[in-house]
There are 4 protein chains.
Amino acid sequence: MWMRIDPSDGVPIYDQIVRQVTFAVADGLLRPGELVPSVRELSRQLTVNPNTVARAYRQLQDEQVLRPVRGTGLAVAQGAAARCRKKRAALIRQRLQQFLNEARRSGLEKSELSSWIETEMARVYNAEAKK
Amino acid sequence: MWMRIDPSDGVPIYDQIVRQVTFAVADGLLRPGELVPSVRELSRQLTVNPNTVARAYRQLQDEQVLRPVRGTGLAVAQGAAARCRKKRAALIRQRLQQFLNEARRSGLEKSELSSWIETEMARVYNAEAKK
Amino acid sequence: MWMRIDPSDGVPIYDQIVRQVTFAVADGLLRPGELVPSVRELSRQLTVNPNTVARAYRQLQDEQVLRPVRGTGLAVAQGAAARCRKKRAALIRQRLQQFLNEARRSGLEKSELSSWIETEMARVYNAEAKK
Amino acid sequence: MWMRIDPSDGVPIYDQIVRQVTFAVADGLLRPGELVPSVRELSRQLTVNPNTVARAYRQLQDEQVLRPVRGTGLAVAQGAAARCRKKRAALIRQRLQQFLNEARRSGLEKSELSSWIETEMARVYNAEAKK
DNA sequence: GTGGTCTAGACCACC
DNA sequence: GTGGTCTAGACCACG
């Protein structure tokens with residue numbers, strides 16, 4: 001199974017599920033029409049309470065990422081891929097803006113910040129290469 | 001008064017106070033030995049619950065940024081400036097790493113991320129110039 | 001086949017089947033003595049779970065709209081036409097009352113509601129004319 | 001207290017709460033900035049589980065009707081009145097369309113339907129007058 | 001005191 | 001089997 005939950009991450013479990021499903025749809029890992037694991041099934045796999053999974057799935061329905069198939073389960077909605085890609089981009093951009101604003105408010109110079117970013121980006125993306 | 005609190009920012013109020021005092025000390029806006037406003041005084045100025053200010057001041061004492069002056073109040077501690085600069089740098093770096101990790105986990109390519117950062121950095125730092 | 005099922009309509013599938021059979025009998029589209037499609041046949045035509053069709057047929061038997069013909073299948077019962085017309089009228093009246101009560105509880109004025117109804121009725125019945 | 005819940009109404013309790021708060025805001029019974037009863041308080045008044053109230057309040061936050069005031073409670077959001085009026089109108093219109101479509105599909109003539117509506121509307125709104 | 005999250009377990013309608 | 005709703009009770013951060 002492609003999902004990984006960290007209960008002590010600070011970010012709520014239901015939110016981690018929402019994000020990972022969203023990203024999986026954005027990446028085409030889950031295709032429109034495909035059924036997602038049932039609430040009980042996923043709750044077993046993640047050793048998480050079914051209510052928590054249900055809450056995540058409910059939110060994904062509100063966001064039109066999933067649609068109910070009565071008595072059968074939940075399926076990825078038509079057009080969800082585009083929505084998810086948009087949402088992912090918006091999320092990342094928002095985080096980026098938050099970070100940059102905080103850095104600027106902290107009195108960091110643009111040049112200094114640039115060099116930090118360069119350093120850390122090399123580290124983070126090299127870690128990926130090694131892995 | 002140089003402090004600005006945004007109660008609907010998502011980040012806890014006590015945390016905003018802690019950060020702004022820390023950054024003020026780092027920038028030399030508050031110098032070692034200088035007295036900070038009393039809990040009641042600051043809570044009035046920021047229209048914030050006194051408990052909240054007290055909590056922030058408690059944390060700043062724990063971090064050796066402030067020290068009690070018996071019968072007088074709280075003053076910026078000796079050596080606080082260096083400590084605050086270090087803390088500020090650490091904070092920013094940590095946020096940067098968090099952001100980069102999240103971006104990478106989201107399947108964002110290094111090149112794409114770079115271009116986003118460039119765009120947003122121009123925006124954020126131009127906004128500063130105009131202001 | 002005259003029946004149309006919409007699985008994503010919100011109203012349960014078995015209920016849609018029951019209603020459409022009832023209305024067909026009321027309109028004389030299905031005449032007393034006439035055989036209805038078998039459970040398996042109808043479930044294939046509607047691409048619906050056989051259990052669902054069986055449940056609908058069971059309810060229609062309870063309501064004396066269908067009757068079993070030993071070794072042959074289910075037929076429209078004698079006197080079903082009148083019963084179905086009565087049931088259809090009762091159903092519509094009930095929905096109407098529910099709607100009006102809700103509208104009133106929502107603080108809608110009688111005059112305002114009247115104008116809305118006029119507008120929407122024109123739309124709905126014109127759509128029929130065009131079709 | 002202005003809220004009335006019917007647990008055996010078929011419509012979910014959390015939904016009844018959402019609707020009644022929405023309508024109260026639409027009617028100006030609750031004004032922007034005003035605090036709504038706390039989760040625990042309302043759950044006591046309605047003899048309903050706090051989680052159920054919390055779920056309703058969460059949805060109202062998603063819909064920008066309520067906004068959190070940290071450590072204090074939930075307040076009616078700015079601009080909520082207009083949003084709620086719009087939502088109320090949309091809800092009623094949707095129900096109206098559903099009803100009219102069902103009536104038409106049932107083979108009801110426009111004139112016959114009109115007379116039914118007139119009769120029932122007189123009943124429903126007279127009931128109000130008497131009350 | 002406030003809301004937010006999570007667990008546990010029950011009952012329902014639907015397919 | 002499926003999701004949806006509700007109750008009960010715990011723990012957390014925040015003001």
Side-chain angles (χ1 to χ4, degrees), chain A residues 5 7-17 35-43 46-58 60-61 66-75, chain B residues 5 7 9-17 39 43 46-56, chain C residues 5 7 9-17 43 46-56 59, chain D residues 5 7-17 35-43 46-58 60-61 66-75:
Chain A
I5 262 42
S8 63
D9 181 14
V11 9
I13 296 175
Y14 76 86
D15 224 321
Q16 298 184 41
I17 298 175
L35 287 171
V36 293
S38 78
V39 169
R40 291 159 169 92
E41 166 70 11
L42 187 55
S43 78
L46 305 179
T47 55
V48 143
N49 190 287
N51 280 328
T52 305
V53 177
R55 177 171 177 182
Y57 278 1
R58 202 184 317 136
L60 287 164
Q61 287 181 70
L66 299 183
R67 91 189 134 78
V69 185
R70 301 256 300 240
T72 302
L74 296 170
Chain B
I5 289 319
D9 181 19
V11 6
I13 294 175
Y14 78 88
D15 220 323
Q16 297 184 40
I17 297 175
V39 168
S43 78
L46 305 178
T47 55
V48 143
N49 192 306
N51 287 329
T52 308
V53 177
R55 176 170 179 177
Chain C
I5 289 319
D9 181 20
V11 6
I13 295 176
Y14 78 88
D15 220 323
Q16 297 184 41
I17 298 176
S43 78
L46 304 177
T47 55
V48 143
N49 192 305
N51 286 328
T52 307
V53 177
R55 176 171 178 176
Q59 185 174 329
Chain D
I5 261 43
S8 63
D9 182 14
V11 9
I13 295 176
Y14 75 87
D15 226 321
Q16 299 183 40
I17 298 175
L35 287 171
V36 294
S38 79
V39 169
R40 291 161 172 88
E41 166 71 11
L42 187 56
S43 78
L46 305 179
T47 53
V48 144
N49 190 287
N51 279 328
T52 305
V53 176
R55 179 172 176 182
Y57 278 1
R58 202 185 315 135
L60 287 163
Q61 287 180 69
L66 299 182
R67 92 190 132 75
V69 184
R70 301 257 298 239
T72 302
L74 297 170

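All values reported here derive from a predicted model rather than from experimental measurement. A, B, ... follow the sequence lines: proteins, then strands. Residue 1 opens every chain.
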Please determine, for the side chain of [X], which listed nucleotide ([options]) has the closest atom?
X     : options              : value
A/T52 : E/dT7, E/dG3, F/dG15 : E/dT7
A/V39 : F/dG3, F/dC14, F/dT7 : F/dG3
B/Y14 : E/dT7, F/dG15, F/dC6 : F/dG15
D/S38 : E/dG3, E/dC15, F/dG3 : E/dG3
A/Q61 : F/dG3, F/dC14, E/dG3 : F/dG3
D/N51 : F/dG9, F/dG3, E/dT7  : F/dG9

Distance in angstrom units between [X] [atom1] and [N] [atom2], rounded:
X     : N      : atom1 : atom2 : value
C/Q16 : E/dC14 : CD    : P     : 12 Å
C/L46 : E/dC15 : CG    : P     : 12 Å
A/D9  : F/dC12 : CG    : C1'   : 16 Å
D/R67 : E/dT2  : CZ    : C1'   : 14 Å
A/L66 : F/dG4  : CG    : C1'   : 15 Å
D/I17 : F/dT5  : CD1   : P     : 13 Å
A/I13 : E/dG4  : CD1   : P     : 17 Å
A/L74 : F/dG4  : CG    : C1'   : 10 Å

Starting at the 5' end of DNA chain E and moving along, which residue's nearest nucleotide shows up first, A/G71 or A/V48?
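The residue closer to the strand's 5' end, by nearest nucleotide, is A/V48.
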Please compare A/P7 and A/R70 by the position of their nearest nucleotide in DNA chain E and report the one closer to 5'.
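Result of the comparison: A/P7.
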Using a 4.0 Å heavy-atom cut-off, does [X] contact any base of the nucleic acid, only the sugar-phosphate backbone, or nothing at all?
X     : value
A/Y57 : nothing
A/N49 : base
D/E41 : nothing
A/P68 : nothing

To the closest 0.5 Å, what do you measure between CD1 (A/I17) and OG1 (A/T52)?
7.0 Å
From D/T72 OG1 over to B/N49 CG, what is the distance, rounded to the nearest 0.5 angstrom?
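Here the interatomic distance stands at 8.0 Å.
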Between A/A54 and D/P50, just flag the one whose closest nucleotide in DNA chain F comes earlier from the 5' side.
A/A54
OP1 or OP2 of E/dC6 versus the side-chain N and O atoms of A/R55: is any pair under 4.0 Å?
no
4.5 Å side-chain heavy-atom contact, C/D9 and C/Q16:
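Contact flag for C/D9/C/Q16 side chains = yes.
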Once hydrogens and angles are ignored, does a donor-acceptor distance under 3.5 Å link the base of F/dG3 to the side chain of A/R58?
no
Using only heavy-atom distances, decide whether a donor-acceptor pair under 3.5 angstrom links the side-chain of A/R40 to the base of F/dG1.
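Answer is no: no donor-acceptor pair is held.
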Atom of B/G10, atom of D/R70 and distance for their closest heavy-atom approach
O-NH1, 2.7 Å
For D/S38 and D/Y57, work out which heavy atoms get closest and say how close.
C-CE2, 4.4 Å
B/R55 side chain vs B/D15 backbone, donor-acceptor pair below 3.5 Å:
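Not a single qualifying donor-acceptor pair exists.
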Is there a Watson-Crick or G-U wobble partner for E/dC14 with both distances under 3.5 Å, and if so, which one is it?
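E/dC14 is paired with F/dG1.
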